[in-house]
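Inspection log for the structure reproduced underneath, given as structure tokens.
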Protein chains: 2
Amino acid sequence: MDDIDRMLIGLLQEDATRSYAALGAAVGLSSGAAHERVRKLRERGLIRRTTVEVDPVAAGRGVLAYVMIDGNTWMGDTAEALRTIPEIEEAHVIAGPASVLTKIRASSTRELQAVLRRVFEIDGVARTQTVVVLETFFERGVHVPGPAGAPEPLPR
Amino acid sequence: MDDIDRMLIGLLQEDATRSYAALGAAVGLSSGAAHERVRKLRERGLIRRTTVEVDPVAAGRGVLAYVMIDGNTWMGDTAEALRTIPEIEEAHVIAGPASVLTKIRASSTRELQAVLRRVFEIDGVARTQTVVVLETFFERGVHVPGPAGAPEPLPR
DNA sequence: CTCGTCATGGATGACATCGACAGGATGTTG
DNA sequence: CAACATCCTGTCGATGTCATCCATGACGAG
């Protein structure tokens, strides 16, 4: 995991359709060497997968909210129940004001309400607290840090 | 935007390295037709870009926190200041208990503290409230809804 | 009927993928 | 200390697959 690997990851985060020839040229390597490095990055799990970024509004998910869920029992097993709700994009166990924090996208506030009803039907859910997003400044991928003091290209 | 487009998006979300031939076979189209549909999905902005998903832990971002920021002035202009902090992955204006909600990944709690210090240096920031994530159940992409009543394949 | 939309199939050039080989760093042994 | 073995990582070239483009045909709406 050196600087070249970091550059490759950065380039692929920007645009994963780049050819290996272009990647190699950008980092000063042959296309074969670039290919080999990317293959290893995938193999080691540093690159989990290559995917496609979908516009939430165009996909009919224009309403974004973060919902904190409080439970009256141990909530370690609610993961699967939450996963079956497609509108829930993320779910984390948190330390602090609640047990679980979820990120929910719905087509309307009305559908958001329907999702909350489904959440309440999960065993152990006692309270929810909803934070509605009014405007998204930005959403970007994980930043891969370079060596200390180096200039930092920002994702997206 | 019909069912075939939705299937194509779903398939590409799973694995954007699939060949157009494979995509076409999966949805019952020729490779050319699949290619044309995907091209239009990109053109219309429904598919924003194809990118690579990086493992946060391997990238040295093992600590995840959500930080709510409260300001004593209008915070519509803080977007750029927040964007220059690479550890901040998302920033949203919210309705409710604070002005802005951010998602922050750091290498350690110590570095999280350093990021919070940088946040406080932004003009207008008055208070922050940090929610530390203990365990992530899942993080997945936007779910593209199908027609009502149809069976729902879940992302990831 | 006629136009517009959408899919098919084939041709072509670019690209991923793989194998063989070279150079350099590191470690081992006489 | 020198000579050699080994490993890692790179370049180069060959081959098969694939993206991409275009001509053609089918279908449906006005």
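In what follows, every chain begins at residue 1, and chains take the letters A, B, ... in the order their sequences are listed.
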> Does the side chain of A:H35 get closer than 4.0 angstrom to OP1 or OP2 of C:dT17 through an N or O atom?
Replying inline: yes
> Looking only at heavy atoms, which two atoms of A:Y66 and B:E90 are closest? And how far apart?
Replying inline: OH-OE1, 2.5 Å
> What is the distance, rounded to the nearest whole Å, between atom CG of A:L23 and atom C1' of D:dT11?
Replying inline: 17 Å
>> D:dT9, OP1 or OP2 - any side-chain N/O from A:K40 closer than 4.0 Å?
In response: yes
> In whole angstrom, what separates B:L29's CG from C:dC6's C1'?
Replying inline: 9 Å
> Rounded to the nearest Å, what distance is computed from the CD atom of residue A:E43 to the C1' atom of nucleotide C:dT17?
Replying inline: 15 Å
> Are B:E43 and B:K40 within salt-bridge range, i.e. N to O under 4.0 Å?
Replying inline: no
> Taking the side chain of A:S19 as its heavy atoms from C-beta onward, which of C:dA16, D:dA19, D:dT11 lies nearest to it?
Replying inline: C:dA16
> In whole angstroms, how far is the C1' atom of D:dT20 from the CZ atom of B:R42?
Replying inline: 14 Å
> Starting at CG of A:D3 and ending at C1' of D:dT9, how long is that distance when rounded to a whole Å?
Replying inline: 16 Å
>> Would you say that A:L41 contacts A:L12 through its side chain, given a criterion of any heavy-atom pair below 4.5 Å between the two side chains?
In response: no
> For A:R18 and C:dC15, what is the distance between atoms CZ and P respectively, to the nearest whole Å?
Replying inline: 14 Å
> For A:E36 and C:dA22, what is the distance between atoms CD and P respectively, to the nearest whole Å?
Replying inline: 19 Å
> Has B:R37 got a side-chain N or O lying under 4.0 Å from the OP1 or OP2 atom of C:dA7?
Replying inline: yes
> Distance from A:R37 atom CZ to A:L8 atom CG, nearest 0.5 Å?
Replying inline: 7.0 Å
> When the distance from OH of A:Y20 to C1' of C:dA16 is rounded to whole Å, what number comes out?
Replying inline: 8 Å
>> Is there a side-chain contact between B:R39 and the phosphate of D:dT20, meaning an N or O under 4.0 Å from OP1 or OP2?
In response: no
